[in-house]
Undergrad: 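Take this structure, written in structure tokens, and hold onto it; I'll ask about it next.
In what follows, chains are A, B, ... by sequence order, proteins preceding strands, each numbered from 1. FYI, side chains are in, hydrogens and waters are out, and symmetry mates aren't considered; it's all heavy atoms of this structure.
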Amino acid sequence: MSSGDVLVWYFIDTGPPGPYWTKWSRRPGPECFSREKESAMARNIVPKEQDYSQWYLDVIRASELADYAPVRGCMVIRPTGYALWEAIQRAFDEAFKESGHVNAYFPLLIPSSFLEKEAEHVEGFAPECAVVTHAGGDDLEEPLVIRPTSETVIGHMYSKWVQSWRDLPILINQWCNVMRWEKRPRLFLRTSEFLWQEGHTAHATREEAMEETLRMLEIYRRIMEEHLALPVIAGEKSEGERFPGADNTYTCETMMSDGKALQAGTSHFLGQNFAKAFDISFQSQEGRQEFAWTTSWGVSTRLIGAIIMTHSDNDGLVLPPRVAPVKAVIVPISTDDAVLQERLLPRAKELADRLNAHLGPRSVAVDTQFHLRPADRFFHHLQKGVPLRLELGEKELAALSVRSVRRDTADKRDLSWEGLEGAVASILETMQADLLAKAREFRLARTRSVETFEEFKERLDREGGFLEAYFAGGKAEEKAIKEATMATVRCFPLDDDSRGTCFFTGKKDAKRAIFARAY
RNA sequence: CGGGGCGUAGCGCAGCCUGGUUAGCGCGCCUGGUUCGGGACUAGGAGGUCGGAGGUUCAAAUCCUCUCGCCCCGACCA
């Protein structure tokens, strides 16, 4: 996170309230829900059981993660959403650096001829490219494509940088925006412009490149599980789902709380395709001229969508503590203004300082919205997904404690000021683990093994979720299944070596595949 | 791009079919009072010219034409 943050997590004195405190509107609850019975439920969010898409959009609006931009398909990532992205970036960036990668930046504009150098690549991306044809008041001699991904420019540069086997491997990553003109945008999941990270590596041997491809897939899996609490299935993509220009594509697939699949990240083994197209060649130790082997891998702001759809509930956003911009909020409560100002607030600030020293700067906020009633203040933090609320009232003041309330379970505990840092850290860790476990259980409960196409269709219509089956079909069979059921091959899980009879073609020795309807 | 909805105050909507007083309602917002440990109540108040353009008419949010945009469902995708 850069300094000079727009976010004002912590405003005690005067000054303008930061975005964290901004107001949002309520929406009258749906008529079908009685006010009395559902009084604990958010009125500005449609229950997910009623309309999942609307629920998703409502959660984003209520938590102020993003808003629609004036250009169709584009979104504004609001301060809270961006802070979340920064936390995600930190987790991945750290892991990339630990594994020897370095960051660099390549340009937004790519000569359109570059795209055309790799046949499958153009075919795959041409339809969704935005092209600049006019600049400086004139038509451009050669149109410039706004990068949909950067294999081509980077290939061009690597060609210049690589001469000898001693120049390899090149392990570069870049954080940037890309543009893919989308027919049907959806906040975070599919926007025309999105933020991501793209790693591009070049190696001397096939083995080394393949190793890199799988290494990055594993890093993705680990960070997604450990930091984002997203249980993922790491696997290989089918022929029909491969990245345009790749020999193999590997993926981290995760299940959303409506049972649909979401591809959370991909790692591609590009073989020598781009090396040949861009002439990334080198003289080997033995003196031969050889083409390099390249990989690319990326995760995007789609991960925010995954977090929302995995953990959130009908009250609003739920964030895994490790990536939550604000991990806990201290809420001083009293009807007596003097007590509030003179006794509770100084104590709250002091506790926040201690917690921040322990959990990291700015990870704990003090709620000073004293013009609101406690219930309203609680609700604000609840909707924004703050993992832990720490209530500090006169009772707690007398008992030298705070009352903690977990966002995901509403579990309440009284924590002594003494050793508060450890207690809070421990609750946050438990919550982090619980979210992952809960999501994993959900996925397991919604995963079924099927033997026949009949059973496949029946299960899918009845319960959705993931379907495991032995599958040996090619592009044609994938297409047929998709047309009949809307489900696609999500991946062939790497941790499943078993072989069986294909449920669709009847062929022997088929690999285990996961099918699902996907985002 | 195909199918379905819809654009009226910050948000959610009614009004439009059967054109005509200062365009309504709920939430939110501002001010006061009572409240105050998971979305309070009350009194008063600010805020829209009805997506845009053109047309019909004495008169249009309401009728006609065109246009822009949004959302949902599909084909395509991180």
Undergrad: Can you check the distance between B/C16 and B/G7, where both ends of the measurement are the C1' atom (answer in whole Å)?
TA: 14 Å
Undergrad: Please state whether the base of B/G38 and the side chain of A/Asp315 form at least one donor-acceptor pair under 3.5 Å?
TA: yes
Undergrad: When you compare the side chains of A/Asn314 and A/Glu49, does any donor N or O come within less than 3.5 Å of an acceptor on the partner?
TA: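 Yes, side-chain donor-acceptor contact under 3.5 Å.
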Undergrad: Using the P atom as the point on both nucleotides, what is the distance between B/U56 and B/C29, in whole Å?
TA: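 The answer is 46 Å between these two P atoms.
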Undergrad: Is there a donor-acceptor contact under 3.5 Å linking the side chains of A/His101 and A/Glu212?
TA: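 Judged by distance alone, the side chains do pair up.
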Undergrad: Considering residues at least two apart in sequence or located in another chain, which fulfil the side-chain contact (heavy atoms from CB on, under 4.5 Å) criterion with A/Ala324?
TA: A/Leu319, A/Pro387
Undergrad: For nucleotides B/C11 and B/G48, find the distance between their P atoms and express it as a whole number of Å.
TA: 14 Å
Undergrad: Rounding to the closest angstrom, what is the interatomic distance between B/U35 and B/A46 at atom C1'?
TA: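 Here B/U35 and B/A46 have their C1' atoms 25 Å from each other.
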Undergrad: Would you measure the distance from the P atom in B/G39 across to the matching atom in B/C1 and give it in whole Å?
TA: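 Result for the P pair: 49 Å, nearest Å.
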Undergrad: If we call it a pair only when both distances are under 3.5 Å in a Watson-Crick or G-U wobble match, what pairs with B/A60?
TA: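 Paired with B/A60, as far as the under-3.5 Å criterion goes, is no nucleotide at all.
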Undergrad: In whole Å, measure the gap between the P atoms of B/C41 and B/C27 for me.
TA: 8 Å
Undergrad: Would you say the side-chain atoms of A/Glu64 and A/Thr80 include a donor-acceptor pair closer than 3.5 Å?
TA: no
Undergrad: B/A46 pairs with which nucleotide, Watson-Crick or G-U wobble, both distances below 3.5 Å?
TA: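 Base-paired to nothing in any strand shown.
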Undergrad: Whole angstrom is fine here: how far is it from CG in A/Asp313 over to C1' in B/G38?
TA: 12 Å
Undergrad: Considering every strand shown, what is the Watson-Crick or G-U wobble mate of B/C70 when both distances are under 3.5 Å?
TA: B/G5
Undergrad: Are any protein N/O atoms closer than 3.5 Å to N/O atoms in nucleotides 74-78 of chain B? If there are, list each pair with its distance.
TA:
{"residue": "B/G74", "atom": "OP2", "partner": "A/Arg184", "partner atom": "NH1", "Å": "3.3"}
{"residue": "B/C76", "atom": "OP2", "partner": "A/Lys482", "partner atom": "NZ", "Å": "2.6"}
{"residue": "B/C77", "atom": "N3", "partner": "A/Arg190", "partner atom": "NE", "Å": "3.2"}
{"residue": "B/A78", "atom": "O3'", "partner": "A/Gln263", "partner atom": "NE2", "Å": "2.2"}
{"residue": "B/A78", "atom": "O3'", "partner": "A/Arg302", "partner atom": "NH1", "Å": "3.4"}
{"residue": "B/A78", "atom": "N6", "partner": "A/Thr191", "partner atom": "N", "Å": "3.0"}
{"residue": "B/A78", "atom": "N6", "partner": "A/Thr191", "partner atom": "O", "Å": "2.8"}
{"residue": "B/A78", "atom": "N3", "partner": "A/Ser300", "partner atom": "OG", "Å": "2.9"}

Undergrad: Under the side-chain contact (heavy atoms from CB on, under 4.5 Å) rule, collect the residues that match up with A/Glu463, sequence neighbours excluded.
TA: A/Arg448, A/Arg459
Undergrad: Whole Å only: how far is the CD1 atom of A/Ile45 from the P atom of B/C27?
TA: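 Taking CD1 of A/Ile45 and P of B/C27, I get 19 Å after rounding.
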Undergrad: Protein-nucleotides 5-7 of chain B N/O pairs closer than 3.5 Å?
TA:
none

Undergrad: Under the 6.0 Å and 45° cation-pi test, does A/Lys117 pair with A/Phe114?
TA: yes
Undergrad: With a 3.5 Å limit on both atom pairs, tell me what B/G37 is paired to, counting Watson-Crick and G-U wobble, or say none.
TA: none
Undergrad: Parallel, tilted or perpendicular for A/His268 and A/Phe243, by the 30°/60° rule?
TA: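 Rings of A/His268 and A/Phe243: parallel, as their planes differ by under 30°.
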Undergrad: Between the protein and nucleotides 41-47 of chain B, list every N/O to N/O distance that falls short of 3.5 Å.
TA:
none

Undergrad: Identify whether the distance between the nearest side-chain nitrogen and carboxylate oxygen of A/Asp58 and A/Arg61 falls below 4.0 Å.
TA: yes
Undergrad: With no hydrogens and no angle check, just 3.5 Å: does a side-chain donor-acceptor pair link A/Gln369 and A/Asp376?
TA: no
Undergrad: When you measure from the side chain of A/Ser53, which nucleotide among B/C71, B/G38, B/C73 comes out closest?
TA: B/C73
Undergrad: Tell me, please, which residues at least two apart from A/Leu57 pass side-chain contact (heavy atoms from CB on, under 4.5 Å).
TA: A/Gln54, A/Tyr68, A/Leu187
Undergrad: Would you measure the distance from the P atom in B/C50 across to the matching atom in B/G10 and give it in whole Å?
TA: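 About 13 Å, rounded to a whole number of Å.
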Undergrad: From CG of A/Leu344 over to P of B/G37, roughly how many Å is that when rounded to an integer?
TA: 15 Å
Undergrad: Give the rounded distance in Å between these two atoms: CG of A/Asp408 and P of B/G38.
TA: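 Distance check: A/Asp408 CG to B/G38 P gives 18 Å.
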Undergrad: I want to check one thing: is the phosphate of B/C71, taken as OP1 and OP2, less than 4.0 Å away from some side-chain N or O of A/Tyr68?
TA: yes
Undergrad: Do A/Tyr220 and A/Thr266 have a side chain donor and acceptor closer than 3.5 Å?
TA: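 A/Tyr220 vs A/Thr266: no donor-acceptor pair found between side chains.
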Undergrad: Check every atom of B/C72, B/G38, B/C36 against the side chain of A/Pro374 and return the nucleotide holding the closest atom.
TA: B/C36
Undergrad: Parallel, tilted or perpendicular, judged at 30° and 60°: which one describes the rings of A/Trp196 and A/Phe194?
TA: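 Judged by the thresholds at 30° and 60°, the geometry between A/Trp196 and A/Phe194 is perpendicular.
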Undergrad: Closest to the A/His380 side chain: B/G39, B/G38, B/C70?
TA: B/G39
Undergrad: Under 4.0 Å, heavy atoms only, any strand: does A/Gln197 hit a base, just the sugar-phosphate, or nothing?
TA: nothing
Undergrad: Rounded to whole Å, how long is the line connecting atom CZ of A/Arg61 with atom P of B/G12?
TA: 6 Å
Undergrad: Among the candidates B/G38, B/C71, B/C36, find the nucleotide nearest to the side-chain atoms of A/Val405.
TA: B/G38
Undergrad: Find the partner of B/G12: check Watson-Crick (N1-N3 plus N6-O4 or O6-N4) and G-U wobble (N1-O2, O6-N3) distances, both under 3.5 Å, and reply none if neither fits.
TA: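 For B/G12, the partner nucleotide comes out as B/C25, under the 3.5 Å rule.
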Undergrad: Looking at A/Lys457 and A/Asp461, does any basic side-chain N land under 4.0 Å from a carboxylate oxygen?
TA: no
Undergrad: Regarding A/Arg377, tell me which of base, sugar-phosphate or nothing describes its non-hydrogen contacts under 4.0 Å with the strands shown.
TA: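 Answer is nothing: A/Arg377 stays at 4.0 Å or more from every strand.
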Undergrad: If we take the C1' atom in both B/C58 and B/A53, what is their distance in whole Å?
TA: 23 Å
Undergrad: Could you let me know what B/U65 is paired to, Watson-Crick or G-U wobble, both distances under 3.5 Å, or none if it's on its own?
TA: B/A53
